[in-house]
Amino acid sequence: MTTQNVPIWLAGMPEYNLRFDERHVPSVPLGCRQHALDVFHNCGDESSLRGRLDAEYVAVLEALLDAGMPFRILNLSTAQSPLADRLRADGYPEFHIDVSGQGSTYTYPRDLMVYLNDYEIALVSDSWLKPGVADLGGVNCWPTCWSEGGRILMCDDTLVVFRHPEKKMARDQPTLNRLRERGLKVVEIPAGIFCTIDQEGATTNLFFDPHIDRLGGLLRGKDGQLHLIFGPGYRTGPLDNPLDAMESADLVHRIAEASGITLHLLPDGALPYGASLVQSTNGAVVVTGGDPSVAALLEILLGANNVVPTRTPITHFPIFASAGIHCLVTESPDFLLCPPRAKNC
């Protein structure tokens, strides 16, 4: 039996839609181009790649267990993969949900919705609601693009989001303003520049990606303060003339500092999506293993006992699925798992 103060986490369905036959290098942060190519060219054949992804997925589940973060796997009973067969045979718990038009969120449940527990607000996609319905289980539902949780780094009452650097307002600015009116702090940071690359390493496209969790992570340290961690490769500014890494970092530093948030930058050579992490209510953080710079920083911010690295480094999900730990795992809204305000479920 699980009480409300020990949240249940949702892990994504272990089923990946890879375009391996196209030999396609997905988009990556502008400064992570070479690392992406190295991983791409050394991944082996499709069977080898799937084996690596399976090992990384299981490593995330093991880290959740190590951190004392109970979880259920989304739609495990309908997943069609050898890994899903293994997980079912091993008795892993499932949570089933059926949301029309939201198939990709079964694998990356962070984008199912954003649940603001203390405010009884859920930011949701239109596909969650029938016409005229404004709540789910007594929770106020706001249809918005901010329902994609990858667009938001959240800790307590603070939300950090990307804003298009060439536009005066963020997308769906009215929803951000409504959140501020409810007492939440919403911090807008210039969006990072991403690129697509071909197999030879040539840049084929530059664009702004709204998913801030592809570059950063937000946590509360043992000092009680908020800390924003950005991985290597953050660049912003005009697409035709991006700011360099130092200018980009200085811009974010000024915005974060004005909001009482300390910015930390991972060094060049750190793993892409190294700052993609999740923090439990007891302060423990699950983060990729295999990166000494990430471990060293988090041990300073949290204490060594609160840092739970995966036993296998998360290196292939970022390159082949544009996903990190923050994408693969999300805290479940209470009202999905048990009746609102119930003492136990």
Asp85 atom CG, over 12 foreign heavy atoms within 6.0 Å: yes
Asp90 atom CG, over 12 foreign heavy atoms within 6.0 Å: yes
Side chains of [X] and [Y], heavy atoms from C-beta outward: is any pair under 4.5 Å?
X: Val161; Y: Arg151; result: no
X: Leu271; Y: Val294; result: no
X: Gln279; Y: Leu218; result: no
X: Phe208; Y: Ile193; result: yes
X: His264; Y: Leu301; result: yes
X: Lys222; Y: Asn306; result: no
X: Val252; Y: Thr236; result: no
X: Leu10; Y: Ile97; result: no

Side chains of Asp291 and Ser293, donor plus acceptor under 3.5 Å: yes
Donor on one side chain, acceptor on other, Arg214 and Ser27, under 3.5 Å: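 Checked: Arg214/Ser27 side chains pair up, N/O donor to acceptor below 3.5 Å.
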Full working for side chain to side chain contact (heavy atoms under 4.5 Å, CB included) between Trp146 and Ile152: CA-CA 7 Å; Trp146 297 108; Ile152 296 175; 3.9 Å; yes
Hey, could you give me the [atom1]/[atom2] distance between [X] and [Y], rounded to the nearest 0.5 Å?
X: Ile189; Y: Ser259; atom1: CD1; atom2: OG; answer: 8.0 Å
X: His35; Y: Leu37; atom1: NE2; atom2: CG; answer: 10.5 Å
X: Ile314; Y: Glu56; atom1: CD1; atom2: CD; answer: 4.5 Å

Which heavy atom of [X] sits nearest a heavy atom of [Y], and at what distance?
X: Leu215; Y: Tyr234; result: CD1-CD1, 3.7 Å
X: Asp209; Y: Phe162; result: O-CD1, 3.3 Å
X: Gly274; Y: Leu266; result: C-CD1, 4.1 Å
X: Gly221; Y: His227; result: N-CD2, 3.7 Å

Step-by-step side chain to side chain contact (heavy atoms under 4.5 Å, CB included) determination, Phe317 to Leu328: CA-CA 9 Å; Phe317 266 104; Leu328 291 165; 3.9 Å; yes
